[in-house]
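Report on the structure given below.
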Amino acid sequence: DAGVTQTPRHEVAEKGQTIILKCEPVSGHNDLFWYRQTKIQGLELLSYFRSKSLMEDGGAFKDRFKAEMLNSSFSTLKIQPTEPKDSAVYLCASSQGAAETLYFGSGTRLTVL
Amino acid sequence: GEKVEQHESTLSVREGDSAVINCTYTDTASSYFPWYKQEAGKSLHFVIDIRSNVDRKQSQRLIVLLDKKAKRFSLHITATQPEDSAIYFCAASPGGSNAKLTFGKGTKLSVKS
């Protein structure tokens, strides 16, 4: 089985641009998570979907971050407009169930200039 | 919400020695405690977990101990090898769900041969 696939691996954006990150979860997994990873804050949950329904939208990340899951095998994370403080690694993870092991993708490293 | 503290930000051991990484948590409702490993330039992958109905779990050279009274759990890596070098993240979840998983900030383990 393929693991979690994230594209692109790297993204460079100018301040104010819109960027869309993509994620394909492990086939058959019902839960999908978006995290942001920085050295200072560590891993922060952005969004959580269960069977394509948005269950958690990350509180503080609501205003410029929007995750969608149009079908069970594809999710996007849109950041609009980007700011330099959004520079981080964005990780997508999936699991078969709420209490099952998380499988992480390789991440997208975003740099906002 | 839950707060997870990882006490060692870096740890250096000699090959063959044991390494111990300690974490504490704040929410008495936490019942699921996974550990993830991130090798240089790669994403996170699951290594071992423990649930609150036991206080010890072992998988090959990895041992996890849980002290619910002290709200503390630890990862012990015995007979360390150079390939154990990585960043290790502990996490805790109230209610045992990934949706509520809070991660520590990571411990960078270096195993010197």
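Numbers restart at 1 for each chain; the letters A, B, ... are given by sequence-line order, proteins then strands.
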Inset, instruction - Please test B:Leu75 against B:Ile77 for side chain to side chain contact (heavy atoms under 4.5 Å, CB included), starting from the C-alpha separation and ending with a verdict. - result: CA-CA 7 Å; B:Leu75 174 67; B:Ile77 306 173; 4.2 Å; yes

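In this structure, the portions of A:Leu102 lying under 4.5 Å from any heavy atom of chain B include both its backbone and its side chain.
Residue pairs meeting the disulfide (SG to SG under 2.5 Å) criterion with at least one partner in residues 70-113 of chain A, sequence neighbours excluded, are A:Cys23-A:Cys92. Note on residues 81-94 of chain B: pairs passing salt bridge (Lys or Arg N to Asp or Glu O under 4.0 Å), not counting sequence neighbours, are B:Arg61-B:Asp84.
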Donor-acceptor pairs under 3.5 Å, chain B to chain A, main chain and side chains both?
unit_1   : atom_1 : unit_2   : atom_2 : d
B:Tyr36  : OH     : A:Leu102 : N      : 3.0
B:Gln38  : OE1    : A:Gln37  : NE2    : 3.0
B:Gln38  : NE2    : A:Gln37  : OE1    : 3.3
B:Ser43  : OG     : A:Gly105 : O      : 2.3
B:Arg51  : NH2    : A:Ala99  : O      : 2.7
B:Asn98  : N      : A:Ala98  : O      : 2.6
B:Asn98  : ND2    : A:Ser95  : OG     : 3.4
B:Asn98  : ND2    : A:Ala98  : O      : 3.3
B:Asn98  : ND2    : A:Glu100 : O      : 2.6
B:Lys105 : NZ     : A:Ile40  : O      : 3.0

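Put simply, of A:Ala98, A:Gly105, A:Gly42, the one with the most heavy-atom pairs under 4.5 Å next to chain B is A:Ala98.
Side-chain atoms of B:Leu109 and B:Val13, non-hydrogen and from C-beta on, do get closer than 4.5 Å to each other.
With sequence neighbours excluded, no residue forms a side-chain contact (heavy atoms from CB on, under 4.5 Å) with B:Ala40.
Using bins of under 30°, 30° to 60° and over 60° for the plane-to-plane angle, the ring pair B:Phe103/B:Phe89 lands in the perpendicular bin.
Going from atom CG of A:Leu110 over to atom CD1 of A:Ile79 covers 5.5 Å, rounded to the nearest 0.5 Å.
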